[in-house]
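Have a look at the structure below before the remarks.
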There are 2 protein chains.
Amino acid sequence: MRPTVHDIAAAAGVSLATVDRVLNRRPGVRHVTREKVETAIRELGYIRDVAAANLAKGRTYPLVFILPASDNSFMHGLNGEIRQAILRSAAERTDICTIEVPAFDPAALVAVLEELSQGKPCGVAMVATDAPEVRATVDRLVHAGFPIVTLVSDLTGSLRHHYAGVDNIAAGRTAARLLGRFLGPRKGEIAVLAGSMLVRDHRERLEGFTAVMAEEFPDLAILPVLEGRDDPEIAHMLVADALARNAGIVGVYSLGAGNRGLIRALKEKAVDRTLTVIAHELTTHTRAALIDNTIDAILNQDAGHEVRSAIRVLKAKADGLPMIDAQERIRLDIFLKDNLP
Amino acid sequence: MRPTVHDIAAAAGVSLATVDRVLNRRPGVRHVTREKVETAIRELGYIRDVAAANLAKGRTYPLVFILPASDNSFMHGLNGEIRQAILRSAAERTDICTIEVPAFDPAALVAVLEELSQGKPCGVAMVATDAPEVRATVDRLVHAGFPIVTLVSDLTGSLRHHYAGVDNIAAGRTAARLLGRFLGPRKGEIAVLAGSMLVRDHRERLEGFTAVMAEEFPDLAILPVLEGRDDPEIAHMLVADALARNAGIVGVYSLGAGNRGLIRALKEKAVDRTLTVIAHELTTHTRAALIDNTIDAILNQDAGHEVRSAIRVLKAKADGLPMIDAQERIRLDIFLKDNLP
DNA sequence: GATTTTTTGATTTACGTACATCAAAATTGG
DNA sequence: CCAATTTTGATGTACGTAAATCAAAAAATC
């Protein structure tokens, strides 16, 4: 049988109350006594029964998700996954709420974080906007003892406990290699459609993409990036225009949202030529386009995994428990038409 | 606050003992009374606190993993992941043991299953050997109330509660498309290295591979399958021989284990020609080969995820709880040198 | 050495559920 | 209607931990 607090008390030759004081860092225990108890804990291999402790404490985990108010499929999907998680709240003892902040607005994000820190949340998951003031606020909150994880978009250099999202540089590199290999000996130009170069994920994807292209596929030239602001209409216009202007385009990399417009443009303008197209995020639209060969590969991050991972990590941090690193790594999914879920 | 058994009792106008009898399917409750309680449960949205229940019951989850005694990297990795899970036993209330059975031996597997069913396990995870007698035994145990999940290799058509593994037909199809697209306009022959055509996973991968090859890449001809018995030495010999004999080989698909031998053969015999190679399972060897361009892509199933998923599912089934389907889908990982973990 | 302060012990209640016991009530059979 | 049976209630203990209270002991202070 697993040792209990009673066993620790007996082994250390102290009372239950003292063991409790040590375990829960309560004051009023002499240094030597604390040592005795800690030794007993180590020697018996005592592990606190978190379930019993939570029961006794009546503990719940109030968690906050801070999301940008962006109107695209991916954010809708992410929201949906959070709602799923909320449905599981009862069983998981979580109490989840979401807060929307204007996208790309560091000041607004900082304001929300400040306000939250007054309250009681035992964990915050946020889609980070990459700015020094955000980093400073996050660091301060972490120091104050708030578990914080970044979601989808990281805040490198900050003290956030964990990042639940994909490695976007690797994603860009992977896209480049896939595109380069799919094109084989063909030469020509590559159009890149992004949302905005102000977004860190997009910058990183582009960075990885251009790096591999330059290193390994010198016959393919990257055209100036089209910034579609993750808007289908703008994306459509930009891509249609680029295709009309430039007959040398042999491939397209869409690293942001707004793929609905991209797909429409491809179907209108590229019926005759054989373009190789790689896009991000699996949605109804990109899925259909993959199946009808308009798109050749989709890179995806699983929003459900990201949300569940963020929750697991925040709970573990709140309890001071370790996490299973391999389990929390968010993988870059590569979908061809053959391995769609 | 979440409703408790007390609330149910009050709402239904019965005593706590009666609620308990209903909840735990104990006898001695009149039909009408049972209905009243069940109505109250539904109306209050009562959810049993599994943690408290487990505490009261002193419940642990005795789980058994049945694995084939195969000596290859993948099975070693799987074993390692199970050992990791055993280390987490205390925190997860599991009590995991593994049983090795001779590989490809339905009778031995059936014998082990029969013996287990005498015992107390509340769940069995097994790498299935595909045979009618195994199916029959599994169905019988499932009927008798044992949660059973298949791991890595499925037992289609049986009543197993879940399959924690990848879709091998999709894996084969994906390999074919990757190989076909990577080769582009090149024509030639494709060598396929398998472990054994007696193993269901390998048959399925080959099936998916040949299907897509035939449909979409008619210029690539598949050579007769080389059966390397998942043994590096045999694999080396077979591949070296095939490469020496046949100058028309432009691609290799290795769908089983023994990749160490394959890689050695490729380095010896294929320095001059540009082969495109796709292999299964990420190991130290395949990883190194991917990085030095001997292999172009690796298809992988994450053994850690499979083990953790199997445990989660078995626990949920033992408690009669639902599972999160999306969470338990084992994905086919595609690794290029850019997105290695 | 007496007093104050700090540390420790003993004990109790609580969390939400499981399970057992025994008595009381309701139902059924004759 | 009485006896036998089934159903229900009341109550207590247990699981492992948290948290509180109050008394007792030890240590520190003067």
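Throughout, protein chains are lettered first and strands after them, A, B, ... in sequence-line order, and every chain is numbered starting at 1.
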List in chain and number order the residues that pass side chain to side chain donor-acceptor pair (under 3.5 Å) with [X], two or more places apart in sequence or in another chain; answer none if no residue qualifies.
{"X": "B:Glu81", "result": "none"}
{"X": "A:Arg88", "result": "A:Glu92"}
{"X": "B:Arg59", "result": "B:Asp319"}
{"X": "B:Arg140", "result": "B:Glu114"}

**OP:** Enumerate the residues from residues 9-20 of chain A whose closest heavy atom to DNA chain C is under 4.0 Å, giving them by residue number; use none for an empty result.
**Re:** A:Gly13, A:Val14, A:Ser15, A:Ala17, A:Thr18
Original post:
Contacts to DNA chain C from residues 43-61 of chain A, heavy-atom cutoff under 4.0 Å, which residues?
Top reply: A:Leu55, A:Ala56
Length of the line joining [X]:[atom1] and [N]:[atom2], which is rounded to integer Å:
{"X": "B:Arg26", "N": "D:dG9", "atom1": "CZ", "atom2": "P", "result": "15 Å"}
{"X": "A:Asn24", "N": "D:dG16", "atom1": "CG", "atom2": "C1'", "result": "13 Å"}
{"X": "B:His31", "N": "D:dT6", "atom1": "NE2", "atom2": "P", "result": "19 Å"}
{"X": "B:His6", "N": "D:dA10", "atom1": "NE2", "atom2": "C1'", "result": "12 Å"}

Original post:
Do B:Tyr163 and B:Val152 have side chains that get closer than 4.5 Å, going by heavy atoms?
Top reply: no
Original post:
A:Leu314 versus A:Ile148: any side-chain heavy-atom pair under 4.5 Å?
Top reply: no
Using the salt bridge (Lys or Arg N to Asp or Glu O under 4.0 Å) criterion, which residues pair with [X]? Sequence neighbours excluded.
{"X": "A:Arg26", "value": "A:Asp20"}
{"X": "B:Arg21", "value": "none"}
{"X": "A:Arg48", "value": "none"}

Original post:
Which nucleotide, D:dA19, C:dT17, C:dA18, lies nearest any side-chain atom of B:Val5?
Top reply: C:dT17
Original post:
For the side chain of B:Thr4, counting heavy atoms from C-beta on, which of C:dG16, D:dA18, C:dC19 is nearest?
Top reply: C:dG16
**OP:** Classify every nucleotide of nucleotides 22-30 of chain C by which part a protein heavy atom approaches to under 4.0 Å, writing B for the base, S for the sugar-phosphate alone and - for neither, in 5'-to-3' order.
**Re:** -----S---
**OP:** Identify, with sequence neighbours excluded, every residue that meets side-chain contact (heavy atoms from CB on, under 4.5 Å) alongside A:Leu151.
**Re:** A:Phe65, A:Leu67, A:Leu78, A:Val127, A:Ala164, A:Glu306, A:Ala310
For a quick test of your reading: what N or O donor-acceptor pairs under 3.5 Å do the side chains of residues 3-11 of chain B make, sequence neighbours left out?
unit_1 : atom_1 : unit_2 : atom_2 : d
B:Thr4 : OG1    : B:His6 : N      : 3.1
B:Asp7 : OD2    : B:Thr4 : N      : 2.8

